[in-house]
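Accompanying notes for the structure given below.
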Amino acid sequence: MTSPPNGETPRGLQARLLGDLSVTDARPDGGRVRIVRSTETAGAVLDGLTLEPVAASFEDAFMILQQGADATRDAPPVSAMRLERAIGGSKDDVVVVVSGLIKRFGAFVAVDNIDFEVRRGEIFGLLGPNGAGKTTTFRMLCGLLTATAGTLNVAGADLRRSRAQARRKLGYVAQKFSLYGQLTVAENLDFFAAAYGLARTAKRRRIDWAMDEFALRPFADMLGGQLPGGFKQRLAMAAALLHEPDILFLDEATSGADPIARREFWRRITALADQGVTVIVTTHFMAEAEYCDRIAILDSGRILAQGPPSDIRALGVTPAKVDPTMDDAFIAVVEQARAAAPTREAA
Amino acid sequence: MTPALSTRAPRMAAKARRIWALIRKEGRQVVRDPSSFAIGVVLPLMLILLFGYAMSLDVEHVPIALVIDEPSAQASDVAAGFELSPYFTPHRVASMPQAQALMLAEKVDGIVRLPADFARRAAQGDANVQILVYAVDANRARIIEVYAEAAIAQSAARQAAEGHDDAAGGSAVVESQLWFNSANDSRYYLVPGLIVLIITLIGAFMTSMVVAREWERGTFEALFVTPVRSDEILIGKVTPYFVLGMGGVLLCMVSARFLFNVPIQGSILTLTGVSMLYLLVSVATGLLISSSLKSQFLASQVTLVATFLPALMLSGFIYDLRSVPLAVRLISYVVPARYFVSLLQTLFLAGDVWSVILPNAAFLAVVAVVLLALARLATRKSLG
């Protein structure tokens, strides 16, 4: 276990560590980084870091075994992906504005007056139990649902008025595989590139980029429906990035994925965010909240808490638990809110 | 940010690219999906063969028992009339009980009995013949009865002409003529009816399934976050099934003309034109149903009840709408297939009768436009 040096985010440090062969695994954990070291002699990446030994977890063991079994992983796992286009604007730009957002389905209030803002290049996480309104909020942000009331501004476009303009700037990966199972990988990419209106040369170039960055070339002629789960997810993400969006929306993108696929996924997300792509995710893996710059916890359609992961974790501090995990904090926040308004439970 | 005029051309180009991509994608799916292939290609072929070769509503070679109580020249003449008729296959039996036994055993569909005094009374001009018909199928029974009477009347007329009958003058000779289906062949209206069924099948049934499938699998969601617009999706869905449906129409026309020798009296151009109209109506119905229901199972059931069954039963293709109860006839006025069947029957069997074609075609065109507009609305609405 180690703490990132001043100014570096845990996920930044993780990305740096994973590039080194002496590190079997690294992941952000409670504001610090959990490292599994391999037998190789330590490279320079560990210099200057204070390492503190901790007990091995089940996931650590899995990563070690998996790496031993998987011969294709001698090289550093995934190269951090490179965007072809630099995202313009500064990191201080607010690219997503949600205020007073309400969504009602008949008498049921799915989203009850929520506000948040996301800045360029941030990874923003929406966390919450099932039925909390995460997906509804998400669908409104992507223009798949119309809000009952409130303001929704994505990449400078008001979603209530100029949906098409906003769509050009956003990419969306749905929770379940939603590409065409009867088209091959190449045909799917070709179709979505054209759906985004890319012309011949640009289309060719972007498809080549996607094939390389997501290592899909060996599967180009395989039908989408026959791909193994992890590759489906890669294909979905590749398709969502073909038009070089400013903002990427990922709905429960890692549910059902193994730890390695999740690690790989987050490495890509981190690389994208570093290059200025704003990423908004929903997840119910609390550990994944550690990758986010800021998170919002939703329950019963309301935001109970929002802020950087360290602030959220601090909400879970009790005399009995001085160093709560994200799980502890999440449960504490939701329970407090439910206790305060017991009548909402019934609704 | 108002788009300048110069950005218009690239925007149209992007739109065209999106539509073309949608059409190509849909085409690939049809070819690769076994169920689409079955409904779109295999089923129409089977229907053509079934309707053309296996199914016939004609009454031919009806087995009947012929009882002649007392042989005579006149009785033999009547018997010969039945034997030579293409409509009957007579079996001579010796007595009425034998004939009745055959009827009860369902070996014959009718009994024709010439009583003992037949020859004598025929000479006087008031011969009586007993006809018994197996009437479980009332329609068929009536046809058999009429044919049998005609056969007897013909033989009476023949005898009158040969001068056997001097006493009974003025016996009328019935000469019937069948218009618009002079060969009285049921294929002449079954094969045009096929076109209705095949268009309904490909147009409505298939389209309703494929759109609902996109909803079920979440692929529409992936599509809706792209800049693709609802009118582009609509065009992308309509085009491939329109082409497939026209292929079916062509197949029907070719097999009607060359395989089953059904005459096409009207112009091929008009026939193609009205088929396109009805195909558009069908595709729009399918799109509307599946955009509203979003489930493959529900959509296929509703489409079957809302389009295929009415096309079969309420279009006038099998049952003449003039002989159905008023309530059913009133319902049939909202079935688009009814108007298409009128058009087809006119074009195949009568010719380009514009007084029939124009109002029916106009109705189909209006329905097509209304349904397409509704389908677009349903697609767009389900977004929000």
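Only heavy atoms go into these numbers, but all of them, side chains included; no hydrogens, no water, no symmetry mates. By convention in this document, chain letters (A, B, ...) are assigned in the order of the sequence lines, proteins followed by strands, and residues within each chain are numbered from 1.
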So what's closer than 4.5 Å to chain B heavy atoms on A:Asp190: side chain, backbone, both or neither?
side chain
Interface moiety of B:Glu232 toward chain A, non-hydrogen atoms closer than 4.5 Å:
neither
Where do A:Tyr196 and B:Val225 come nearest, in terms of heavy atoms and distance?
OH-O, 4.0 Å
Could you tell me which portion of A:Phe192 (side chain, backbone, both or neither) has an atom closer than 4.5 angstrom to a non-hydrogen atom of chain B?
side chain
Separation between OG1 (B:Thr226) and CG (A:Leu242), nearest 0.5 Å, reads 11.5 Å
Please identify, among B:Lys25, B:Arg217, B:Lys15, B:Arg18, the residue contributing the most non-hydrogen atom pairs under 4.5 Å to chain A.
B:Lys25
In terms of heavy-atom proximity below 4.5 Å to chain B, should A:Leu223 be classed as side chain, backbone, both, or neither?
side chain
Determine whether a donor-acceptor pair (N or O, by modelled atom type, separation under 3.5 Å) exists between the side chain of B:Arg17 and the backbone of A:Gly197.
yes
Take atom CZ of A:Phe105 as the centre, draw a 6.0 Å sphere, and report whether it contains more than 12 heavy atoms from other residues, nucleotides or ligands.
yes
Is the number of heavy atoms from other residues, nucleotides or ligands under 6.0 Å of A:Arg205 CZ greater than 12?
yes
Could you report the tightest heavy-atom contact between B:Gly218 and A:Ser178, atom names first, then the distance?
O-CB, 3.1 Å
Heavy atom to heavy atom, less than 4.5 Å: which residues from residues 179-187 of chain A reach chain B?
A:Leu179, A:Tyr180, A:Gln182, A:Leu183, A:Thr184, A:Glu187
In this structure, are over 12 heavy atoms from other groups packed under 6.0 Å from B:Met313 atom CE?
no
Of all heavy-atom pairs between A:Ala174 and B:Glu221, which one has the smallest distance, and what is that distance?
CB-OE1, 4.2 Å
Flag side-chain contact, heavy atom, 4.5 Å: B:Leu22 against A:Phe191:
yes
